[in-house]
J.: 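The structure's right below; bear with me while I get my questions together.
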Amino acid sequence: MSMLRKMKLTLVASALFIGITGCRGSAGTPQGTEGRTLPPSAVPSNQESPSPAPADAGTPNAPSAKPTAAAHTGKVTAVRLADAKSGWTGGEGWIARTDDAGKTWSMQYQGAGTVRQLFALNGQDAWATLDGSNEGSEAGSYSLLNTADGGKHWAKTGAVPNQGFLHFVSKSEAYSANAKTTDGGKTWSSLPVPERMVGDAYFHDAKNGWAVTQDKEKASIVRTTDGGKAWTTVMSRPIADPLAGTVIRSAGANDAWVEWIGGSGMTQTSYSLFHSSDGGKQWQTVLANSTAGAGPAPGIAIDDKQGAKNAGSGPGPLYVVNPSAAFMGGYCGACDLPNTVGKTTDGGKTWINGAQSIEGYAGALLAMADDKQGWWIGTDNTAPSVMYTTSDGGAHWSKAHTFDKPKSAS
């Protein structure tokens, strides 16, 4: 065999070895859950769809990505859709994009830090928060990357001062818990929050926000319409045990989906989900997941029949599409296929538990383009993350992609 032919064969074999494995979204522990045993997927994700704004490339002080297929992905820690076909996933030191619903991926960013959140305003403007790469930033903050060209270039624009749910309402204006920016994340200010708050406040916009407070044996949902200057109680209920955490999402100025996370025991976690679409005047109990190991669902008496029961023994990711439609995962650590997902399409009056279960003992990530189309990713610390897609509102999920094994398990 000639020397030239031997060199060609060696190059082909090397390329195959390092290629991406080809062809289920507020990772981490919820605020206020220290010391509690919660499912790994207890921090839900959510996508909002604000109107697009003019592009701005940001400050180019972070390395730009070099799109390449020859890069290791690993465990997926964040996902975000631009539409049903296009979106991003991220993990330890990487961000990748697909434009064919997960069949193929282009590596767009490789660098320091683990991606904790992704948010897309449209197909061009997106942001990522990373931990482990914020030298010089305050403790508890995340580095913020931005792209204005669909991910061809990512640049550091600042640091988000907390670990709340990040959502942009325009190219320049965004909120993370009670932090607000009007310059695309370069600088942040704090909005007032109520006393005795559990978890993070959620601001839908500059004036409208929601929070949960607790006092002795009572928990309350409070609302502000003046940017946090004044808070009004809109719902109060007795609780058997202190709340371990909360999750709040909103699909409109008067819309709120509020999850109360209760106690944990015997690998089980009790939780409740409430919904209001009229500014808090009326509340629908969407889910009341009491468990034998963790007690009654927070705010729901043990013999009270209100609210449906989600599958699984603990909460998974919550994703709100609009005031009528929401999806929520369930997690069962003792099951062979631990992740499930259910939904409502009538504001929480009825609940449909999905028939399918998927792998992933590190929980699942969920992102929906609308009430029919979405992505579901089962994640694991030792096995590859696997992505599924649906086009019928979760009645059926089809495997779209298997990512690489986590680096620590390789």
Side-chain angles (χ1 to χ4, degrees), residues 24-34 36-47 73-80 89-92 102 114-118 129 131 163 165 199 244-247 249 259 261-262 264 266-271 273 287 289 291 293-294 310-320 326-343 353-354 356-368 374-390 394 397 399 401-409:
R24 197 159 166 36
S26 192
T29 304
Q31 296 293 310
T33 62
E34 293 80 0
R36 300 276 184 154
T37 302
L38 292 180
S41 55
V43 177
S45 60
N46 183 38
Q47 170 85 19
T73 50
K75 176 184 175 182
V76 180
T77 57
V79 59
R80 189 62 58 194
T89 54
E92 185 180 352
T114 298
V115 178
R116 294 304 179 189
Q117 293 192 69
L118 288 162
T129 64
D131 62 10
Q163 301 177 18
F165 172 67
T246 62
V247 175
R249 298 290 183 263
E259 178 186 351
I261 303 173
S264 295
M266 298 169 55
T267 71
Q268 301 172 354
T269 299
S270 298
Y271 62 98
L273 179 63
L287 296 173
N289 270 55
T291 62
N310 197 20
S313 56
L318 171 66
Y319 198 103
V320 171
F327 293 73
M328 186 166 182
Y331 180 81
C332 174
C335 299
D336 292 335
L337 296 173
N339 300 293
T340 53
V341 64
K343 71 173 182 178
N353 283 308
Q356 193 164 342
S357 302
I358 65 170
E359 58 274 269
Y361 285 106
L365 302 170
L366 182 65
M368 302 298 298
W375 303 353
W376 189 22
I377 302 176
T379 70
D380 202 284
N381 293 321
T382 58
S385 298
V386 182
M387 175 176 159
Y388 296 80
T389 62
T390 184
W397 294 90
K399 184 181 292 188
H401 187 79
T402 300
F403 293 86
D404 295 328
K405 289 181 64 174
K407 292 180 180 179
S408 59

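Just so it is clear, the values below take in all heavy atoms, side chains as well, and ignore hydrogens, waters and symmetry mates.
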J.: Name all residues meeting the side-chain hydrogen bond (donor to acceptor under 3.5 Å, both in side chains) criterion together with Ser357; count only those two or more places apart in sequence or in a different chain, and write none if there are none.
T.: none
J.: Thr389: which residues meet the side-chain hydrogen bond (donor to acceptor under 3.5 Å, both in side chains) condition with it, sequence neighbours left out?
T.: none
J.: With a 3.5 Å distance limit and no angle check, can you tell me whether Thr129 reaches the backbone of Gln117 through a side-chain donor-acceptor pair?
T.: yes
J.: Roughly how far apart are Leu118 CG and Thr77 OG1, rounded to 0.5 Å?
T.: 7.5 Å
J.: From Tyr271 OH over to Ser264 OG, what is the distance, rounded to the nearest 0.5 angstrom?
T.: 11.5 Å
J.: Spell out, as yes or no, whether a donor-acceptor pair under 3.5 Å connects the side chain of Thr114 to the backbone of Asp131.
T.: no
J.: Give me the atom names and distance for the closest heavy-atom approach of Phe403 to Thr89.
T.: CE2-OG1, 3.8 Å
J.: Counting distance only, does the side-chain N/O of Thr269 pair as donor-acceptor with the main-chain N or O of Ser313 below 3.5 Å?
T.: no
J.: Is the backbone N or O of Gly374 less than 3.5 Å from a side-chain atom of Thr390, with the two atoms forming a donor-acceptor pair by type?
T.: no
J.: Distance from Asn310 atom CG to Met328 atom CE, nearest 0.5 Å?
T.: 6.0 Å
J.: So how far is it from Ile358 CD1 to Thr340 OG1, rounded to the nearest 0.5 Å?
T.: 9.0 Å
J.: Please assess Val386 against His401 for the test side-chain contact (heavy atoms from CB on, under 4.5 Å), listing each intermediate value before the final yes or no.
T.: CA-CA 6 Å; Val386 182; His401 187 79; over 6 Å; no
J.: Would you find a donor on one side and an acceptor on the other, under 3.5 Å apart, between the side chain of Asn353 and the backbone of Val341?
T.: no
J.: For Trp397, is there any backbone N or O sitting under 3.5 Å from a side-chain donor or acceptor partner on Gln356?
T.: yes
J.: Report the distance from atom CD of Gln163 to atom CZ of Phe165, rounding to the nearest 0.5 Å.
T.: 15.0 Å
J.: Evaluate side-chain contact (heavy atoms from CB on, under 4.5 Å) for Lys405 paired with Lys75, printing each intermediate quantity in order.
T.: CA-CA 7 Å; Lys405 289 181 64 174; Lys75 176 184 175 182; over 6 Å; no
J.: Residues two or more places apart in sequence or in another chain: which of them pass side-chain hydrogen bond (donor to acceptor under 3.5 Å, both in side chains) with Ser270?
T.: Thr291
J.: Output yes when a side-chain donor or acceptor of Thr73 lies under 3.5 Å from a complementary backbone atom of Gly91, and no otherwise.
T.: no
